[in-house]
Amino acid sequence: MEFEAAQRAREWFQSLTLLPGAWAVLRLDGRSFTRFTEQRFSKPYDERFAGFMAETARLLLTELGGRFAYTQSDEISVLLPPEFSLFGRRQEKLVSVSAGLASAAFTHAAGAPAHFDSRVWLGSSPAEVADYFSWRQADAARNALNAWSYWTLRGEGRSGGQATGELRGLTEAAKHELLFARGINFTELPAWQRRGIGLWWQEVPVTGFDPVRETEVTSSRRRVHVERELPWRREYRELVLAQAGSGLAAGRAATAD
């Protein structure tokens, strides 16, 4: 017993937990996904890849019982409310389990081994949560403009180095002009590419049949909604704040759209 206790005492980080009462976000990123996606998916954006990421985000939201999830590029963010208590809020467990879930889900969907890492963000209020998700959506827009500019030049025959060199130092407006001159209006590209994809719980009516009374009955059920037409800026912040306060997280008992 003393020997076992001595070994367990060396698991130094097991007791590190999320701050009580804090909002938390688990952010997961695909490891070496630049090479992984170039070998398997269309550029700059691939509908199949986006679908695999959304499915992975749905699994994380469901298994962890989060309030809201957001995915863009090769990253996923899952919002955990202050009352979240899974695994005793142990950070090491949350990071390792979420990375394992994401890796397994994406590998299963894509049919090729994929790996994710995970980290924790902490906030003290819904307003800070909205700040976080606004930051990630702004990053999505920046990534989309850069990706479309880069891969448009690559499609014209430039090497990776040449395309990067031509774009170095260009302003956002200049990149818009570069695309527009080639018949691409960035603002008209699919919203999921420019703004990411959001997932949250919704109450939906379900119609069934009561055999005792021999009549139709209607009840409600929690389901994960996947939104590819997210709003932007202030309206997006309001959406995030609404989901943070919804209290609809249902965990593994829920089904998905």
When you measure from the side chain of [X] to the backbone of [Y], do you find a donor-acceptor pair of N or O atoms at a distance under 3.5 Å?
| X | Y | answer |
| --- | --- | --- |
| Ser96 | Lys93 | yes |
| Arg90 | Leu16 | no |
| Gln137 | Ser134 | no |
| Thr37 | Thr34 | yes |
| Arg89 | Pro82 | yes |
| Ser85 | Gly88 | no |

Can you name the closest pair of heavy atoms from [X] and [Y] and give their distance?
| X | Y | value |
| --- | --- | --- |
| Gly160 | Tyr150 | CA-OH, 3.2 Å |
| Leu199 | Ala54 | CD2-O, 3.6 Å |
| Ala24 | Val120 | CB-CG1, 4.5 Å |
| Ala144 | Tyr45 | CA-OH, 3.0 Å |
| Ser118 | Leu26 | OG-CD2, 4.0 Å |

Any salt bridge linking [X] with [Y]? Criterion: basic side-chain nitrogen under 4.0 Å from a carboxylate oxygen.
| X | Y | answer |
| --- | --- | --- |
| Arg158 | Glu156 | yes |
| Glu83 | Arg67 | yes |
| Arg58 | Glu55 | yes |
| Glu238 | Arg233 | no |

Check whether any side-chain heavy atom of [X] sits under 4.5 Å from a side-chain heavy atom of [Y], and report yes or no.
| X | Y | answer |
| --- | --- | --- |
| Leu153 | Arg182 | yes |
| Ser98 | Val78 | no |
| Ile76 | Arg27 | no |
| Leu178 | Leu170 | yes |
| Arg223 | Gln202 | no |
| Leu86 | Phe84 | yes |
| Leu167 | Asn146 | no |

Pairwise distance [atom1]([X]) to [atom2]([Y]) - rounded to 0.5 angstrom:
| X | Y | atom1 | atom2 | result |
| --- | --- | --- | --- | --- |
| Leu145 | Gln193 | CG | CD | 12.0 Å |
| Leu28 | Thr71 | CG | OG1 | 9.5 Å |
| Leu179 | Trp148 | CG | CH2 | 8.0 Å |
| Met53 | Asp46 | CE | CG | 12.5 Å |
| Thr17 | Glu92 | OG1 | CD | 12.0 Å |
| His176 | Glu172 | NE2 | CD | 4.5 Å |

State plainly whether one hydrophobic cluster holds both [X] and [Y], where clusters connect Ile, Leu, Val, Met, Phe, Trp and Tyr through side-chain heavy atoms under 4.5 angstrom apart.
| X | Y | value |
| --- | --- | --- |
| Leu241 | Leu122 | no |
| Trp192 | Trp151 | yes |
| Ile197 | Trp232 | no |

Practice task
Output the rest of the hydrophobic cluster of Phe68: all Ile, Leu, Val, Met, Phe, Trp and Tyr residues reachable through side-chain heavy-atom contacts under 4.5 Å, sorted by chain and number.
Solution key: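 Listed partners: Trp23, Val25, Tyr70, Leu79, Trp121, Val129, Tyr132, Phe133, Trp135, Trp200, Leu230, Tyr236, Leu239, Val240.
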Handout entry: Crowding at CZ, Arg40 (>12 non-hydrogen neighbours, <6.0 Å)
Key = yes
Exercise for the section: Determine the interplanar angle of the Phe41 and Phe36 rings, folded into 0 to 90°, and report it as parallel if under 30°, tilted if 30 to 60°, perpendicular if over 60°. Expected result: tilted
Practice task
Let me see the working for Phe180 and Phe186 under ring pair (Phe, Tyr, Trp, His ring centres under 6.0 Å), right down to the final yes or no.
Solution key: CA-CA 7 Å; Phe180 194 75; Phe186 182 76; over 10 Å; no
Problem - Ring-face cation contact, Trp201 with Arg222, 6.0 Å cut, 45° max - result: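 Ring-cation test returns no.
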Exercise for the section: Evaluate salt bridge (Lys or Arg N to Asp or Glu O under 4.0 Å) for Arg195 paired with Glu227, printing each intermediate quantity in order. Expected result: CA-CA 11 Å; Arg195 301 179 182 178; Glu227 182 57 66; over 6 Å; no
Exercise for the section: Mind jotting down which residue pairs meet the salt bridge (Lys or Arg N to Asp or Glu O under 4.0 Å) criterion with at least one end in residues 119-147? Sequence neighbours excluded, please. Expected result: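 Found Asp29-Arg119, Glu75-Arg136, Asp117-Arg119, Asp131-Arg237, Arg136-Asp139, Asp139-Arg142.
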